[in-house]
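Notes to accompany the following structure.
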Amino acid sequence: MIKLYNTLSGKKEEFIPINPGRVTMYACGVTVYDYSHLGHARGAVIFDLVQRYFRRKGFDVKYVRNFTDVDDKIINRALQEGITPSEVAHKYIEAYQEDMKRLGVGRPDVEPKATEHISEMIEVIRGLIAKEHAYVLDGDVYFRVTSFKEYGRLSKRNIEDLKAGARVEVDERKTDPLDFALWKASKPGEPAWESPWGPGRPGWHIECSAMGFKHLGETFDIHAGGKDLIFPHHENEIAQSEAFSGKKFVNYWIHNGFVNINQEKMSKSLGNFFTIREILDQYDGEIVRLFLLSTHYRSPIDFSDTNLKDARAGLDRFYTMKEGISKFVAGKKAPGSRPEELIETTDRHLYEKILTLPKAFEEAMDDDFNTAFAIGLIYDLVRDVNKFLAEVDKKNEDAAYSILSSAAASFENVSRTLGIFLRQPEEWFKKGRLGDSKVTIPVERIEELIHLRNEARAKKNWAEADRIRKTLDEGGVELFDRADGTVWKPK
RNA sequence: GGCGGCGUAGCCAAGUGGCUAAGGCAGAGGUCUGCAAAACCUUCAUUCAUCGGUUCAAAUCCGAUCGCCGCCUCCA
């Protein structure tokens with residue numbers, strides 16, 4: 001049973017799909033007017049994981065994440081860059097796709113663009129006008145907030161409070177200051193589509209309703225987005241959708257917390273943001289992904305160098321263990337039948353823990369996608385497996401094989417869902433860690449120096465060995481002499 | 001001003017009524033190692049912002065206080 005925190009009720013609720021075994025899910029994507037920042041990455045990573053988790057649990061999932069490709073900011077950007085708005089949108093969609101790929105975020109089933117759903121939006125607006133939930137003003141169309149009695153239910157506000165605190169400059173023509181635009185008449189030179197109210201473009205909120213309707217139906221299971229979208233975006237979506245269809249729009253609303261810097265929300269307006277690609281220049285995508293998953297998705301997460309380094313250290317530890325397992329298993333044959341019987345009683349507990357990891361993982365994930373706890377479970381078992389590896393020589397070989405190959409399988413099982421810890425250790429140590437390093441020596445030269453140093457070591461020429469170590473150290477390379485050979489890592 | 005949230009060890013972070021308050025990083029001591037690191041072992045919160053209350057029992061529920069943050073304007 002999956003429980004998730006529903007913003008609508010303010011509580012964790014058992015997930016009950018509209019159609020048994022199926023999940024329809026919509027996540028608000030990005031407005032493509034610039035490179036996306038780490039805050040956007042957080043939502044993308046967590047909701048990608050949510051839909052993957054539903055699939056793991058056997059649900060047939062339809063996951064939709066949109067691109068807002070028509071908007072004031074895109075128009076402004078186009079003027080700045082001297083290209084058309086659609087060129088701006090195209091450029092940043094491409095960039096977003098690259099960023100997502102590097103973060104291990106899969107492509108949703110549908111990635112609708114607002115500009116490709118203009119006629120659907122017009123239909124919804126037309127319906128809202130017919131039902132007197134909307135009105136036309138000089139080529140603009142506004143939604144009449146007071147016509148929807150449940151307005152404020154999601155964000156837990158009432159219309160009076162909103163009016164009292166309103167900081168919006170009031171457009172005197174609107175019937176009510178809270179009314180929001182469904183359709184905006186275009187000024188000359190702006191992107192425009194024909195409509196019953198004259199040439200114009202859609203307001204922001206209407207796209208998600210129209211695209212949700214089209215791809216998922218008038219009522220769907222889950223709608224996701226950042227906490228900052230609760231009001232007004234999602235509140236407005238509910239109002240216009242339910243006023244139009246007369247049906248409940250969405251059963252479960254889930255919202256992720258912000259990425260903070262020095263306890264402040266990372267945002268464009270504060271100017272304290274890092275784009276995903278800036279961060280990926282320094283840290284491998286897997287580090288960033290692990291960092292984002294190591295805090296519960298509804299809590300704020302503080303972006304800092306220390307926290308990224310912690311994530312990197314965690315990956316080092318995991319891959320060191322994975323390497324240990326591979327080294328042991330390599331070259332050995334799988335034992336015959338019932339090797340479990342050879343496992344010593346002292347290792348029974350470990351074996352049990354290994355076999356139940358996927359189940360424990362699911363218990364954590366079932367509880368509102370508690371990835372932080374799930375990762376804790378993995379680290380906990382890493383420690384136990386390392387302990388076992390440290391004395392594996394004393395163990396029965398078949399039993400050890402059985403334990404370690406089971407461990408590899410269990411880790412693989414949960415890693416596949418989390419989208420981390422999936423690489424080969426060599427690849428992690430040679431490539432993954434290189435991203436943020438200050439390694440100034442070419443890899444071939446490093447290997448060559450290591451070879452020379454080992455020749456010196458073989459002759460017990462420690463002075464020469466240490467000189468080479470120092471040279472590499474100055475080039476940002478750290479050496480580790482292990483029983484099975486010398487390994488290097490970026491500092 | 002309205003609404004919402006948060007405050008757990010040096011740092012990050014789970015836990016939201018009841019076994020020893022997960023896990024990680026950093027630190028300390030040890031095993032190992034030419035040196036070093038990794039790995040392993042040991043250690044590291046009688047206590048959960050503060051003060052009251054409810055309860056047989058609270059980090060977990062209630063109230064107050066202090067501090068921080070978010071939304072109310074485009075925002076993941």
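The figures here come from the full heavy-atom set of this structure, side chains too, leaving out hydrogens, waters and symmetry mates. We name chains A, B, ... by the order of the sequence lines, and we start the count at 1 in each one.
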Quantified in whole Å, what is the P atom distance between nucleotide B/C11 and nucleotide B/G17?
27 Å
When you compare B/U65 with B/C3, how far apart are their P atoms, in angstrom units rounded to a whole number?
15 Å
Checking B/C72, B/A13, B/C25 against the side chain of A/Thr295 (C-beta onward), the nearest is B/A13
Say whether, by atom type as modelled, one donor and one acceptor occur between the side chain of A/Glu150 and the main chain of A/Ala239 under 3.5 angstrom.
no
At under 4.0 Å between heavy atoms, what does [X] touch on the DNA or RNA strands: base, sugar-phosphate, or nothing?
X        : answer
A/Lys73  : base
A/His37  : base
A/Asp380 : sugar-phosphate
A/Phe258 : base
A/Gly226 : sugar-phosphate

What is the base-pairing partner of [N], counting Watson-Crick and G-U wobble geometry with both distances under 3.5 Å?
N     : result
B/G34 : none
B/G18 : B/C56
B/C6  : B/G67
B/G1  : B/C72

Establish, from distance only, whether the side-chain atoms of A/Asp368 and A/Tyr297 form a donor-acceptor pair under 3.5 Å.
yes
Letter per nucleotide, 5' to 3', of nucleotides 29-41 of chain B [B base touched, S only sugar-phosphate touched, - untouched; heavy atoms, 4.0 Å]:
-----BBBBSSSS
